[in-house]
Structure formats: structure tokens, C-alpha cells
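Notes follow the structure.
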Amino acid sequence: MYSIYTARGQRIKMCRSLQEAASHVATLGVGATIRRDGVTVWTEGPDGETYALGYETVERLIKDRLTHRTTIA
């Protein structure tokens, strides 16, 4: 499961899929995050703009981070 947080740190949604999570974080804008197990795996803005990159690209980037155990703080 993936948690969606606002830029202010308020959890607003849980998502089963990364594409669903990416679509929600995109609507929240810069500073919104996707977290898995309490670890931030995507921050809208610093990591890129989800709308510009596309949900599938964001999903691939996050899966790569999770596979290689690299995250963005």
C-alpha cells in the first residue's frame, strides 16, 4: 500500500497501485509525497512533475528506487 500526503504532511489517501498514487499526488501539486512503509518514495516537484512525466514513468522510477533501496528524503 502507498500513502499519499499533502505538502503539509497530512495523510489523505491510501492506494493499492503506484499509478493511482501518482495520479493523486499530481493533483496535490509540489511538495505532496507518496510513501511506502513510512518512507518517502516520491515528492512531487523535487522528483519531477507527475503530469509531465506520466503516471507509468513515475511508477517505473519508484519501483526502481524500491528495488535498489534508494529513496528521496
Side-chain angles (χ1 to χ4, degrees):
M1 295 286 284
Y2 300 91
S3 302
I4 307 302
Y5 287 78
T6 66
R8 293 185 175 168
Q10 178 184 12
R11 186 173 72 182
I12 60 165
K13 182 151 180 86
M14 298 286 288
C15 300
R16 290 187 187 270
S17 78
L18 277 171
Q19 284 191 19
E20 179 186 6
S23 71
H24 285 291
V25 81
T27 62
L28 295 173
V30 174
T33 60
I34 299 172
R35 300 180 193 179
R36 181 172 165 195
D37 299 328
V39 176
T40 300
V41 296
W42 182 265
T43 302
E44 188 73 2
D47 289 332
E49 301 293 332
T50 303
Y51 280 136
L53 293 173
Y55 305 145
E56 291 176 356
T57 300
V58 171
E59 179 181 24
R60 280 193 306 272
L61 290 169
I62 292 171
K63 282 183 177 180
D64 185 58
R65 288 179 180 169
L66 291 170
T67 300
H68 294 95
R69 298 185 186 269
T70 59
T71 59
I72 302 300

Q. Would you say Leu66 and Tyr5 are hydrophobically clustered, going by side-chain heavy atoms of ILVMFWY under 4.5 Å?
A.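 Cluster IDs for Leu66 and Tyr5 differ.
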In Å, rounded to the nearest 0.5 Å, how long is the span from [atom1] of [X] to [atom2] of [Y]?
X	Y	atom1	atom2	value
Ile4	Thr27	CD1	OG1	8.5 Å
Arg65	Ile34	CZ	CD1	9.5 Å
Tyr2	Arg35	OH	CZ	15.0 Å

Q: Would you list the pairs meeting salt bridge (Lys or Arg N to Asp or Glu O under 4.0 Å) in which at least one residue belongs to residues 6-30, sequence neighbours left out?
A: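 The answer is Lys13-Glu20.
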Which pair of heavy atoms, one from [X] and one from [Y], lies closest together, and at what distance?
X	Y	value
Glu44	Tyr51	OE2-N, 4.4 Å
Ala22	Thr50	O-CG2, 3.4 Å
Ile12	Thr6	CG2-CG2, 3.7 Å

For residues 54-63, which side-chain N or O atoms pair as donor and acceptor with protein atoms under 3.5 Å away, sequence neighbours left out?
residue, atom, partner, partner atom, Å
Thr57, OG1, Leu53, O, 3.1
Thr57, OG1, Arg60, NH2, 3.3
Glu59, OE1, Gln19, NE2, 2.9
Glu59, OE2, Lys63, NZ, 3.4

Q.
A side-chain contact here means heavy atoms from C-beta on lying under 4.5 Å apart; do Trp42 and Leu18 qualify?
A. no
